[in-house]
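Working notes, structure below.
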Amino acid sequence: LVNGELKQWTGQTTPVFSTISSTEKYTPTLLGSIPFMAEKEAAEVVEAANAAYDKGQGLWPTMKVADRIKCMENFVRQMKETREEVVKLLMWEIGKNLGDSQKEFDRTVEYIYDTIASYKELNGRSSHFEKVQGVNAMIRRGPLGVVLCLGPYNYPLNETFSLLIPALIMGNTVIFKPAKHGVLCISPLLEAFRSSFPKGVINIVYGRGREVASPIMKSGKIDVLALIGNSKSAIALQDQHPNKNRLRLILGLEAKNPAIILPDADLDLAIQECITGTLSFNGQRCTALKVLYVHESIIEEFNKRFSEKVDALQFGNPWEKGVSLTPLPETDKPDYIQGLIDDATSKGAKILNEKGGKHTDNFIFPAVLYPVNSKMRVYHEEQFGPVVPVISFKDIQEPLEDMAESNYGQQVSLFGKDIKTLAPLIDALVNLVCRVNLNSSCQRGPDAFPFTGRKDSAVGTLSIPDALRSFSIRTFVASKDIAYNNE
Ligand code: G3H
């Protein structure tokens, strides 16, 4: 979708295969074909988004708030009609189970409505003159320019839209490239995008990062890089911009969220939360628990019961009832996970669960590894998949020191009961990460909460109200005599 038209790119047409199979043995199913953009076509897209923005003077960035809202409402109305098709594609293309696929769709629709409400509120507060220190002042929020938006494969809709929707509603124009896995999930929405927004405001391109995103960045005509993915891609893309000082960043990157389980924790609850925390969507969530610290006094019992629960998880195709583990969309992921397991076991860790590491085609059964230490790759790397490292600790300073040394700082889960022990720990933890979850696993929602991270985990803050601020700049009009209401 470029400049309001659905185009046939001249790059290579690439077949998209499903990661799942309705047979025992994995046989790839052709889902569709995607025409990729050729490198030379990047200039056309950059031109379209820049012309629509027109240095801040275009129809979209100068449009009245109420009219921009109408466009967004029109889009979400049409989007709702695609639910069945998008949910089916989420299951087939990225292997997300039925319940989670439906949740992803519904949460996205809700996200858009909530963004509209929050935008109205933000605007209501900034559209009239107020007397500030003797001056009539109208604080306004203006767009930043042209945004290159790159979404992740694990939430092709929901998380991608948590960048795209606030960027659009604040008056920016956007070039959006869906992730390689999940690209088809966007296809049913192309017409809704095309017919809801003025031409050039939202442009959607398909292709490989280096062929598509690199020339777009090298053009120097991108004002904001909004990306959810890994730091390596984020750094590579920033480096390609000829004037990095002018580039704003909104990045959701890697995390290695720990759970800390104290001796007085409710073990049933902690185990259940650690199961969902580590393994929902096979661990392919940036908010997943990626290392478990368990107090030495309860380690034996925890390990036994946790491993049994992992082995009881059901593997199958996403639409089957009761299934929680599904095939992995990245076909090289099982080998990567196997590599982490081999490395850890060669350095002294054991696989605690019977089924751990059992491997078929594009699926690997989650392995619980214990004892894990800092010499192992799984201690440092963000596994983003089905492997669970467990570490026992004697003194609470041990996990705290590890977290302080870590390159990441998104969230932590803390399990315990005694508030006298918890309170000072929470004070320490909030300076290491951006969200402390008491007796529950880590997660992004509710979408009104700030979603961000320290160190290499994020740049900028998402969530609905924060994202509206992140994708805009605060400006103001000062007047000695004239004052009016700009609703
Ligand atoms: O992959 C990272 C997502 O932000 C996770 O979102 O916690 O809602 O699953 P979630």
Side-chain angles (χ1 to χ4, degrees), residues 90-91 93-112 114-115 149-166 178-182 185 226-234 250-259 272-291 318 324-326 328-330 333 381-386 408-413 433-438 440-454 456-464 466-467 470:
L90 283 166
M91 291 193 288
E93 200 180 358
I94 61 160
K96 190 169 272 195
N97 71 30
L98 175 64
D100 286 347
S101 297
Q102 289 169 330
K103 236 187 264 163
E104 171 156 4
F105 190 93
D106 297 340
R107 180 180 177 186
T108 310
V109 167
E110 200 180 318
Y111 180 91
I112 300 174
D114 290 349
T115 302
C149 172
L150 305 167
Y153 80 83
N154 62 339
Y155 276 101
L157 208 61
N158 183 262
E159 212 173 6
T160 308
F161 278 38
S162 72
L163 300 172
L164 185 58
I165 300 298
K180 186 169 78 182
H181 304 286
C185 300
L227 172 148
I228 293 183
N230 61 55
S231 359
K232 222 164 97 198
S233 325
I250 299 164
L251 309 174
L253 303 170
E254 292 135 60
K256 189 90 184 169
N257 294 341
Q272 191 45 51
E273 288 293 315
C274 286
I275 291 282
T276 37
T278 52
L279 293 172
S280 63
F281 196 35
N282 312 296
Q284 301 167 113
R285 295 162 59 234
C286 65
T287 49
L289 289 173
K290 300 200 176 98
V291 53
S324 52
L325 303 170
T326 49
L328 305 172
E330 295 179 298
K333 191 48 105 32
E381 293 176 27
E382 188 203 31
Q383 63 266 43
F384 216 80
Y408 306 117
Q410 193 200 61
Q411 302 191 15
V412 64
S413 289
V433 293
C434 290
R435 174 165 163 170
V436 178
N437 299 279
L438 268 188
S440 69
S441 58
C442 299
Q443 58 186 303
R444 177 164 39 116
D447 288 319
F449 286 14
F451 179 57
T452 184
R454 296 172 185 273
D456 292 345
S457 284
V459 176
T461 305
L462 294 175
S463 90
I464 293 171
D466 287 298
S470 298

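Quick note: residue numbers are just sequence positions, from 1. All heavy atoms count here, side chains included; hydrogens, waters and symmetry mates do not. Note that ligands are numbered from 1 as they come in the structure, with each ligand's atoms numbered from 1 the same way.
- At a heavy-atom cutoff of 4.0 Å, ligand 1 is contacted by the side chain of Phe451 but not by its backbone.
- No side-chain N or O of Gln410 forms a donor-acceptor pair with one of Lys256 less than 3.5 Å apart.
- Using 4.0 Å as the threshold, Gln284 has no heavy atom nearer than that to any atom of ligand 1.
- Under a cutoff of 6.0 Å and an axis angle of 45°, Lys96 and Phe281 form a cation-pi pair.
- With hydrogens and angles disregarded, a donor-acceptor distance shorter than 3.5 Å links the side chain of Thr276 to the backbone of Glu273.
- If you look at Arg107 next to ligand 1, the close heavy atoms, those under 4.0 Å, all belong to the side chain.
- When only interatomic distances are considered, the shortest N/O to N/O separation between Arg444 and ligand 1 falls below 3.5 Å.
- The closest heavy-atom contact to atom 7 (O) of ligand 1, among the options Thr276, Asn154, Thr287, comes from Thr287.
- The closest side-chain heavy-atom distance from Gln443 to Arg285 is below 4.5 Å.
- Using modelled atom types and a 3.5 Å distance limit, the side chains of Thr326 and Asn282 yield a donor-acceptor pair.
- Residue Gln443 approaches ligand 1 through these ligand atoms, each under 4.0 Å from one of its heavy atoms: 7 (O).
- Note: an N/O pair closer than 3.5 Å links Tyr155 and ligand 1 by distance alone.
- Distances below 4.0 Å separate heavy atoms of Cys286 from the following atoms of ligand 1: 1 (O), 2 (C), 3 (C), 4 (O).
- Without hydrogens or angle criteria, Gln411 side chain to Arg435 main chain gives no donor-acceptor distance under 3.5 Å.
- Between Asn154 and Phe384 the shortest side-chain heavy-atom distance falls below 4.5 Å.
- Only the side chain of Glu159 comes within contact range of ligand 1, with a heavy atom under 4.0 Å; no backbone atom does.
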